[in-house]
Amino acid sequence: MASDSEGKTFDRETLLDLVVNAIPLGIILFFILAFALINPFGSNPVNTAIQFSIMAVTGAALLVLTYVSGKAISEAEDELEEKGLELSEEAGAGEVAEPESEPTPETTDGDDEPAA
Amino acid sequence: MVGEQLALTALMGVFLVAVAGFLARMEDWRSYTPLAGGSAIGDAGYGGHAEKPAGIVRWFTTVDHKDIGILYGIYALIAFFWGGAAVLLMRAELAAPGFDIMQAQFYNSLLTSHGITMLFLFGTPIIAAFSNYFIPLLIGADDMAFPRINAIAFWLLPPGAILIWAGFFTAPLGLGIDPAQTSWTMYTPLSAEQANPGVDLMLLGLHLTGVSATMGAINFIATIFTERGDEVNWANLDIFSWTILTQSALILFAFPLLGSALIMLLLDRNFSTAFFAVEGGSPILWQHLFWFFGHPEVYILVLPPMGLVSWILPKFSGRKLFGFKFVVYSTLAIGVLSFGVWAHHMFSTGIDPRIRASFMAVSLAIAIPSAVKTFNWITTMWNGNLRLTAPMLFCIGFISNFVIGGITGVFLAAIPVDLVLHDTYYVVGHFHYIVMGMIAFAGMGALYYWFPIVTGRMYQRRLAKMHFWLSMIGTNITFFAMLVLGYLGMPRRYATYQFDGAIAPLAQVTTLHQIATVGAFIIGFAQLIWAWNMVQSWYEGPELDDADPWNLKDDGMFGREFQWFETQKLAADGGESEEVRADGGEVETDGGEATGRVSSDPRSDGGYRKAVRRVDDE
Amino acid sequence: MDETTSDDPSPRTWDDEPESPARTSAEEEGPTRTSVWPLVVAMGLTVSEVGVFMGVYPLAVGGLVLFVASVAGITHEAGYTGRPWRLAGALGVVLVAVGVWMVSTQVPLAVDPVVAAVGGADGIVLRGFSVVGAGLVAAVGAAVVSAMGDGDVDDGFPA
Ligand code: HEM
Ligand SMILES: [Cu+2]
């Protein structure tokens, strides 16, 4: 997990992960454009405003939440890395009985198969 | 009238005195009961805490998240059987076209009770059962952030259920309080105009369950944010906790709105306000408010089961969840988007076509994160080392049912398709593939998966597999028949279907209804097997001899909850006598303190924490 | 991480050291494991909701009193207040205010119209009065009890 570029908020891996939410966002954008171009029902100030704000507000909310959570997760990853801890959901597996033993070897962060 | 009030006052007085007496007794017990042997249920239960009061009192006073989890579970299952009984009666009625075994009023009452019971009294609580018991273990917390609020949230549910079901109990008494016939959506003006006080009681009960859900959600958000162990942060928080966190956020935004809408409806009914009257706020206002709550509610119900499957499926596939973070982000995406789709339930109400189109757009967008999860589950299993245990079978059945349930949902989200299929059995088939095929299946899978932790014993595997196969077959027979019925135009929510054979295919419809009825009874029979298995295994199942009943260590998949279980077991085995094991206490929770033994260990109070802490101390 | 649980100074009530009955100090507390209050709070809320909404006045009064008392009790037990009776009294006063407000939504707050409304069995006015009544019971009861006892933290509440 190369968090080389301190300047950027997200490294490449994280961006790849976030792509998953870009797709619904893309669909919403597509419909915004489509409805702007093709308008069989005519325009009406109130209803058109509602029409576009439903899509825009939901899309914006999705964008914000994705950004915030992506940031929180990638910061948390760096933190774990500094502490030399595992990123797996099972962190600590196999260590309970004998706290001395080394971590299990598998330990990927569970997202290491980015769209192969 | 006056006499009645006096009698009630006297009764209320007696009740208050009884409560005071109860409290006083508890004070006594607090001072004089140093030990307790556990209770009938507690004996077998892993959750048994020797230092708790004995017998039934323990269950009334506990604030331990594990006990509360068990209470939620038992409650949910009782509701499941109530809702199941209601629907079997309905299916029996629908086996033939006419009124054969009941009248329309009773059918409507059953329909209403079935829907509300399954969604609010079974679905939400069974999820709370797992989250209460396991979230603190999974994140390395001692307990929930607010244990008492947790207990209040649970104790609001039984009165809620009694109120929701009240009409069924009072109808035979001839008081004029009958069961509500509003359907679970409680559409106005129907629900505003039914004079029956049973409707008011049901609305009040629903309000209480909403308060309960909200309290629980606040508690989970606080717990996941503030009580995580040292080694757990956002990067390695488990998937089930992620889904519960998202669910709690949805509850926080959706349920207070339902509560307000219910109060407005109550005011309309009793104090002649006009929120939902045709000449007032309009009945469509109810639909907007209801579905602004209602669509998030369906995701409130389905996200945690998705989390359960994402957690359990990898354990029996021998590999990690494929694209873990895809699943996390798409969970969050579903959470947000689910607030922008509500009017897809109202396409045929004549709302503005431009607005309708927007809701279609967002509804289509929400299908993506749902599909992403499906692909992740399938890829997790792909080339994996699959072990078809009962929990795994339920997870696979879950995915299979989601494919059908999800795709039918996408069809319904397309306006032209929905205008044809709205209010037919197609919709009923769609959401039952999801609520029965996914939510109930994931719940069953998780019950089997964690049965060893909760009881210290193993269930009977043969029975569990029979339970799965019968449920899977029954579910698909019943609900596929409903999809076809929908295509044939069979409208939903009717007790009869005596069409004119010239305009509708009566023979086919009858056959399909009979198929659905057979399927429903297969499902019902499967649940009886399951109930027998649970009860018998709880008392007599083979005790575990180690903390890894699923051999998860072999694959490096020994999750935090089982790690916790192991520390409990080790601690207990280390210092415990035969007697304690017989007590079900081989997994004594107090970090190795003997049952009822006066300990000289200075650490005795910290023992419990210590045991949990070791999981994340490392 | 255990801030929340350990700032929770409620007694370990099932304490297995016989010489230390309930109500010891908070220092070495583990997580709370039992409390009698949640059940009572839930019952209080239920009974008062049904009582007030359905207009069953005895239930309304009794339920609200129970609710107020149990909220005071649970807040005390959780260590958020040292003086439960005072809290109960305050909540009683709040109820009186709410009840008066309910009445005032229907009739002007003067003797004649109020009497007329009660005589005419106006549902909302009567409900308002049941809330006022519950508030009075709670406030007066709290005052009496705390005058009788020393109102000290260590007074077992409510026994
Ligand atoms: C893939 C995403 C989904 C889409 C696009 C979708 C779409 C729809 C649509 C358009 C309807 C309205 C049909 C009508 O009344 O004409 C509907 C009904 C319903 N859906 Fe879904 N759905 C999806 C997933 C879910 C999930 C996950 C659940 C449950 C957990 C669910 C539960 C329901 C329920 C309960 C109804 C019926 C409500 C009623 O009683 O009228 N759906 N769905
Ligand atoms: Cu929906």
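In what follows, chains carry the letters A, B, and so on, assigned in the order in which the sequence lines appear, proteins first and then strands, with residues in each chain numbered from 1.
When the candidates A:Leu65, A:Ile23, A:Val19, A:Thr66 are compared by the number of heavy-atom contacts under 4.5 Å with chain B, A:Leu65 comes out ahead. Between chain A and the options B:Ala547, B:Ala357, B:Pro369, the largest number of non-hydrogen pairs under 4.5 Å is found for B:Ala357. Interface remark: of the candidates A:Gly26, A:Ala34, A:Gly70, A:Ser74, A:Gly70 forms the most heavy-atom pairs closer than 4.5 Å to chain B. By number of non-hydrogen pairs under 4.5 angstrom with chain B, the leading residue of A:Ile32, A:Val57, A:Ile50, A:Leu62 is A:Leu62.
Note that CG of A:Leu80 and CG of B:Asn236 are 5.0 Å apart. Values are rounded to the nearest 0.5 Å. Distance check, rounded to the nearest 0.5 Å: CG of A:Asn47 to CZ of B:Arg356 gives 12.0 Å. From A:Ile54, atom CD1 reaches atom CD1 of B:Ile355 across 5.5 Å, with rounding to the nearest 0.5 Å. Note that the CD atom of A:Gln51 and the CZ atom of B:Phe359 stand 11.0 Å from one another [nearest 0.5 Å]. From A:Asn21, atom CG reaches atom CZ of B:Phe326 across 9.5 Å, with rounding to the nearest 0.5 Å. In this structure, A:Phe52 CZ and B:Ser358 OG are separated by 7.0 Å, a value rounded to the nearest 0.5 Å.
Heavy atoms closer than 4.5 Å to chain A are found in both the backbone and the side chain of B:Asp238. With a 4.5 Å cut-off on non-hydrogen atoms, A:Phe41 touches chain B through its backbone and its side chain both. At a 4.5 Å heavy-atom cutoff, B:Val327 makes no contact with chain A through either its backbone or its side chain. Neither the backbone nor the side chain of B:Trp342 comes within contact range of chain A, judged by heavy atoms closer than 4.5 Å. Of the two parts of B:Phe339, neither the backbone nor the side chain holds a non-hydrogen atom closer than 4.5 Å to a non-hydrogen atom of chain A. The contact between B:Ile239 and chain A is made by backbone and side chain atoms together, counting heavy-atom distances below 4.5 Å.
With B:Arg354 contributing its side chain and A:Pro40 its backbone, the two residues share no donor-acceptor pair below 3.5 Å.
Contact annotation: the side chain of B:Ile368 approaches that of A:Ile27 to within less than 4.5 Å [non-hydrogen atoms, C-beta and beyond]. Looking only at side-chain heavy atoms (C-beta outward), B:Tyr329 and A:Ser69 come within less than 4.5 Å of each other. When side chains are defined from C-beta on, B:Asn233 does not count as touching A:Glu77, because their heavy atoms never get closer than 4.5 Å. Between B:Leu337 and A:Ile28, some side-chain heavy-atom pair lies under the 4.5 Å cut-off.
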